[in-house]
Structures are given as structure tokens and as C-alpha cells.
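What follows is one structure encoded as C-alpha cells, with my remarks underneath.
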There are 2 protein chains.
Amino acid sequence: MCDKLKNLKNNEFKIALLLSQKILSAKELQNLINVDKATIYRNIKNLLKKEIIREIKNSNGVGFYELNCKIHNPIHPHFECIICNKIYCLKALNSEDVLALSNYSPFEIKEIEVKFKGICNECKK
Amino acid sequence: MCDKLKNLKNNEFKIALLLSQKILSAKELQNLINVDKATIYRNIKNLLKKEIIREIKNSNGVGFYELNCKIHNPIHPHFECIICNKIYCLKALNSEDVLALSNYSPFEIKEIEVKFKGICNECKK
DNA sequence: ATAGAATTTGCAACTTAATTGCAAATTTGA
DNA sequence: TCAAATTTGCAATTAAGTTGCAAATTCTAT
């Protein structure tokens, strides 16, 4: 388990633990742990502020969250299915590719997001 | 002007013309042409369906729209300011970099989005 | 030109993700 | 163990985007 999770209290810990397994939306989290949505969103905000989790929005503007743990979960591209709008995590970009990309920005980069869109295998069936 | 715009009627044309100059949100478009927001959104939907414009969402889930005109406006990365959430268009990716990126996806890619985040020059002042 | 069909518009109501105020409940810590 | 600080649930709110419907506009065939 990622060290960052050790000092978290109850609900933040539960959320971070679930996200360490799988990228999830606020609604999916709410279905897994039985607390009010306001609590879910407040905990998500705290975890984002502490940089323990990352947010990825799908094309409908729905936020998905994943653990931000350098060793187990480095920054990686995502694939969004244009049918079901599910988000898939892909393998991490290597440093040469990150470097190549960063040359396109005239401003200092704090974060890079790469998202592919298409139809996932589930929806192709 | 991009050929695609020639056959558009009044409001779709106005919107496409504005977007050929600058990436804009629905609200910004509404401030520029005086029509109901439902009309703005309906026209945006039509233009998206015809693939005359493209949508980029900022981190707040607000859609920004830009002309999708191969010659004048090929697919390119965007920069989002984490302070003002403004979207900037950057220079287009070259084909080698697109190829390198596409190797990360196990699914067939219909679209690639690259977004950098940081603080823009306006907000740094 | 003009009547009828088809399309587009404005308005108001609605949907959905996310946020917020507030009082109650829980946790913390001296 | 009791007061202060934090967290929670509930209900109301915000904001982007959507939709139903009737009125207005545009298109088309004669």
C-alpha cells in the first residue's frame, strides 16, 4: 500500500483505498461506501488538495478519481469510450515521450493529460 | 475561410465564424451573438455532429469549442490555466509524436487529446 | 407570389454533477 | 471528561447543458 494512505482517517482512507484498486466516479464511490454525497465530494476535495488522488473528467464532465501514488500509479494516459464514457487507465508514458510533449507548451507545465477516445472492447461486442 | 463554413445557415454560420477566430465557451458565444442559450447549445450540437467544430472541456467541465478545419486548425494540444481555467490552443503535434502516443492505447483510437495545465502569463502577472 | 411542410427559435422547466449552510454527531486533546 | 475542532447528513443551491412545446422563420413546389 502507498505510504500516503497511512495517516488518513476513516472516510478519506476508505475512498483512497478503493481508488488504489480502480478509477471511480463520485457516484460509484457512493455506491461502495454508504455516506452522503456531500461527504464523498468533501473527502474527494481534501484528497485532491493533499495530492493523494487525481481527477480525470470524462466528456460528460463527470469526474473520475485515481490514486496519485508515484510508485504504483504514475501519471499515465487514459482511454475514454465514446459509447459508455468509461475511463481506462493505460501504461505510463516514458520520459522521452513526456519530454517531446512538453516542448509544445510555451507556458510552464504543472501537469500533462493525455486522453485517447474510441470504442472500448465491451462496447464493441 | 474554411470551405465547410460556406453552406451553413445563419446561426450555425455565426458561431462557426466566431470559433474560427478563437476558442470560446457556450456562454462566451451567447454574449457575442444575442440568442437564447438553448439555441446556442443546439447549434453547437449540430456543428459537432457535422464535425465542423471540436469540443474541449476545462477542469470545471465547461465546454470550449474550436473550428475543426484541417488546413487552418489541425488537431493540437491545449493549455489550461489552473487559475482562470482559460484554454489556450498550442501548435499542432507532428506525426511522429502522434504515432508515439498512439502506441500506448490497446484500443483503436478515434481521437487524441493532449492537455497541459499550469499558470498562464496573464495569471502570473 | 403563396400556401403548406419542415426547420429553427425562445421560453420555461428540467436534469445532473457538484457545492454550501447549518445543526447534529463524532473525534480530538488538554 | 468536558470543551474545542472536525466531520457528517440533510436540504437547498449553483451552473452547464437538455428538452418539450408553441410561435416564428425558412424552404419548396406549384
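Lettering of chains follows the sequences in order, A, B, ..., and the numbering in each one begins at 1.
- Under a hydrophobic-cluster definition in which Ile, Leu, Val, Met, Phe, Trp and Tyr are linked whenever side-chain heavy atoms come within less than 4.5 Å, directly or via other members, Leu93(A) and Ile109(B) are assigned to the same cluster.
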Would you list the atom pairs, donor with acceptor, under 3.5 Å between side chains in residues 19-26 of chain A and any protein atom, with sequence neighbours excluded?
from, atom 1, to, atom 2, distance (Å)
Ser20(A), OG, Leu17(A), O, 2.6
Ser25(A), OG, Glu28(A), N, 3.2
Ser25(A), OG, Glu28(A), OE1, 3.3

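- The phosphate of dT8(C) (OP1 or OP2) has a side-chain N or O of Lys9(B) nearer than 4.0 angstrom.
- Going from atom CG of Asn46(A) over to atom P of dT19(C) covers 11 Å, rounded to whole Å.
- When the ring-ring contact (aromatic ring centres under 6.0 Å, His included) test is applied to Phe107(A), the partners found at least two apart in sequence or on another chain are Phe79(B), Tyr88(B).
- Atoms CG (Leu29(A)) and P (dT8(D)) sit 14 Å apart, rounded to a whole Å.
- Contacts between residues 78-88 of chain B and DNA chain D, defined by a heavy-atom separation under 4.0 Å, are absent.
- For Asn85(B), the side-chain hydrogen bond (donor to acceptor under 3.5 Å, both in side chains) partners two or more places apart in sequence, or in a different chain, are Asn60(B), Glu80(B).
- Not counting sequence neighbours, Lys9(A) has no partner by the salt bridge (Lys or Arg N to Asp or Glu O under 4.0 Å) test.
- With rounding to whole Å, Lys14(A) atom NZ is found 9 Å from dT8(D) atom P.
- Hydrophobic clustering (ILVMFWY, side-chain heavy atoms < 4.5 Å, transitive): Leu29(A) and Ile56(A) are in distinct clusters.
- Judged as a salt bridge (charged side-chain N to carboxylate O under 4.0 Å, His left out), the pairs with a partner in residues 90-109 of chain A (not counting sequence neighbours) are, in order, Glu108(A)-Lys124(B).
- For Lys125(B), the salt bridge (Lys or Arg N to Asp or Glu O under 4.0 Å) criterion is met by Glu122(B), not counting sequence neighbours.
- Atom CG in Asn10(B) sits about 8 Å away from atom P in dT9(C), given to the nearest Å.
- Sorted by first and then second residue, the pairs that involve residues 34-47 of chain A and meet side chain to side chain donor-acceptor pair (under 3.5 Å), not counting sequence neighbours, are Glu12(A)-Asn46(A).
- Within the structure, salt bridge (charged side-chain N to carboxylate O under 4.0 Å, His left out) contacts touching residues 57-66 of chain A (residues at least two apart or in different chains) are Arg54(A)-Glu66(A).
- Glu55(B) pairs by the salt bridge (Lys or Arg N to Asp or Glu O under 4.0 Å) definition with nothing, not counting sequence neighbours.
- At dT9(C), one or more side-chain N or O atoms of Asn43(B) fall inside 4.0 Å of OP1 or OP2 (strictly under the cut-off).
- In this structure, the CD1 atom of Ile44(B) is 14 Å from the P atom of dT19(D), given to the nearest Å.
- Taking the C1' atoms of five terminal pairs at each end of the helix from dA1(C)-dT30(D) to dA30(C)-dT1(D), the two resulting helix axes are inclined by 30°, rounded to 10°.
- Between Leu8(A) atom CG and dT7(D) atom C1' there is a gap of 15 Å when expressed in whole angstrom units.
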Restricting to nitrogen or oxygen on both sides, can you table the protein-nucleotides 9-18 of chain D pairs closer than 3.5 Å?
from, atom 1, to, atom 2, distance (Å)
dG9(D), OP2, Asp36(A), N, 3.0
dG9(D), OP2, Thr39(A), OG1, 2.5
dG9(D), N7, Arg42(A), NH2, 3.0
dG9(D), O6, Arg42(A), NH1, 3.4
dG9(D), O6, Arg42(A), NH2, 3.1
dA16(D), OP1, Lys27(B), NZ, 3.0
dA16(D), OP2, Lys27(B), NZ, 3.1
dG17(D), OP1, Gly63(B), N, 2.9
dG17(D), OP2, Tyr41(B), OH, 2.6
dG17(D), N7, Lys37(B), NZ, 3.4
dG17(D), O6, Lys37(B), NZ, 2.9
dT18(D), OP1, Lys45(B), NZ, 3.4

